[in-house]
Amino acid sequence: MTTATLPPAALAALPLRAPAARWQGADGFLVRPARESDGPALAALSRPFVRLGALRERPLSLYRSRATDFLVAQNPDGAIEGGIGLSGHCADGVLYNFCVAAHRQGSGMGGRLLQAAFARARGRALTMLFTATTGSGRLFLGHGFVPSGPDLAPAAWARTLDPARGARVLARTL
């Protein structure tokens, strides 16, 4: 068996970073890294969940400035219909602001976003993921998360949890 190798000049011409990951399903939805220009769509997508108390209110400036944290689900017409943030804290990660448009819930979009977030976290060599939920957490639990305490989560993130919201902390090993 022989192994093909590139000559040094060809290796030098390769990009230093791999292109941004993109996952497209048979339904035409694209899960891709968010861009700063997706900030208004992420803010609009989040508003109904903020009104219900499921998400904390975040300013548009946060969605823009932290766009690189987010993965979005974009429909074939270009509309953003789902999103999830992933922030790194040393070897751990935190999933936040996870939302899927009401008319897409139950379609599998949330699961696809979670799988893409897991892949991104593994690519960053994160070993544990945490999240907080005020809901049932059924989707997270179905994807390997288990109840955890905030004392096991990254301290900087755990300090931002509002006890009045009654959120449960969940964790998953990657």
Side-chain angles (χ1 to χ4, degrees), residues 23 25 27 29-89 92-118 120-121 124 126 128-172:
W23 301 268
D27 55 6
F29 274 87
L30 177 69
V31 175
R32 62 165 175 81
R35 300 181 286 262
E36 185 177 342
S37 61
D38 294 322
L42 281 164
L45 179 67
S46 301
R47 265 186 223 111
F49 299 94
V50 170
R51 274 183 256 163
L52 293 171
L55 290 178
R56 286 192 248 172
E57 187 164 3
R58 293 176 169 90
L60 174 58
S61 60
L62 180 130
Y63 292 105
R64 286 188 168 140
S65 67
R66 296 193 59 191
T68 58
D69 280 3
F70 285 88
L71 293 166
V72 295
Q74 178 181 320
N75 77 20
D77 294 332
I80 304 299
E81 297 195 353
I84 188 168
L86 168 65
S87 62
H89 300 264
D92 296 330
V94 171
L95 296 176
Y96 70 99
N97 209 93
F98 182 30
C99 52
V100 172
H103 66 280
R104 295 291 178 201
Q105 292 182 11
S107 71
M109 182 180 291
R112 286 178 46 202
L113 280 164
L114 274 178
Q115 291 301 320
F118 296 162
R120 178 179 260 198
R124 293 181 181 175
L126 300 176
M128 181 79 77
L129 288 177
F130 291 89
T131 195
T133 182
T134 58
S136 71
R138 187 177 66 214
L139 184 63
F140 290 114
L141 296 170
H143 281 83
F145 282 82
V146 296
S148 175
D151 53 318
L152 299 176
W157 173 73
R159 282 191 298 273
T160 69
L161 297 174
D162 178 1
R165 294 186 72 233
R168 290 187 308 147
V169 174
L170 305 175
R172 181 188 194 278

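We number each residue from 1, following the sequence as shown. Just so it is clear, the model here is predicted, and its values are computed rather than measured.
- For R64 and E36, the salt-bridge test fails: no basic side-chain N is under 4.0 Å from an acidic carboxylate O.
- The nearest pair of heavy atoms linking T134 to A54 is OG1-CA, 3.5 Å.
- The minimum heavy-atom distance linking A34 with V72 is given by the pair CB-CG1, 3.8 Å.
- Using a 4.5 Å heavy-atom threshold, the side chains of R172 and V146 count as separate.
- P147 has its side chain within reach of L141: a pair of non-hydrogen atoms, C-beta onward, lies under 4.5 Å apart.
- One finds the OG atom of S107 at 8.5 Å from the CD atom of E81 (value rounded to the nearest 0.5 Å).
- Residues W157 and D92 fail the side-chain proximity criterion, which asks for heavy atoms closer than 4.5 Å.
- Listed by first and then second residue, the salt bridge (charged side-chain N to carboxylate O under 4.0 Å, His left out) pairs that reach into residues 41-57 come to none, sequence neighbours excluded.
- In this structure, CZ in F29 is found 7.5 Å from CZ in R112, a value given to the nearest 0.5 Å.
- Looking at D38, its side chain never comes within 3.5 Å of a backbone N or O of A41 through a donor-acceptor pair.
- The side-chain hydrogen bond (donor to acceptor under 3.5 Å, both in side chains) check on H89 picks up S87, with sequence neighbours excluded.
- Contact of the T133 side chain with the L170 side chain is registered, since non-hydrogen atoms from C-beta on lie closer than 4.5 Å.
- Distance check: S136 OG to R168 CZ gives 7.0 Å after rounding to the nearest 0.5 Å.
- The two residues A117 and L71 have their closest heavy-atom pair at N-CD1, 3.5 Å.
- In this structure, F145 and F140 have perpendicular ring planes: the angle between them is above 60°, well past the 30° mark.
- In this pair, F70 and Y96 present their aromatic rings perpendicular. The plane angle is above 60°, beyond the 30 to 60° band.
- Inter-residue side-chain proximity for P33 and R120 is flagged as met; some heavy-atom pair is nearer than 4.5 Å.
- Between L161 and V169 the shortest side-chain heavy-atom distance falls below 4.5 Å.
- Distance check, rounded to the nearest 0.5 Å: OH of Y63 to CG of L42 gives 7.0 Å.
- Checked against side-chain hydrogen bond (donor to acceptor under 3.5 Å, both in side chains), R66 has the following partners two or more places apart in sequence or in another chain: D69.
- Interatomic distance, CG of L86 versus CG of L113, reported as 12.0 Å (0.5 Å rounding).
- Within the 4.5 Å cutoff, the side chain of R32 has heavy atoms near those of the I80 side chain.
- The two residues P154 and F130 have their closest heavy-atom pair at CD-CD1, 3.5 Å.
- Between the CG atom of N97 and the CG atom of L95 there is a distance of 11.0 Å, given to the nearest 0.5 Å.
- Within the 4.5 Å cutoff, the side chain of H143 has heavy atoms near those of the F118 side chain.
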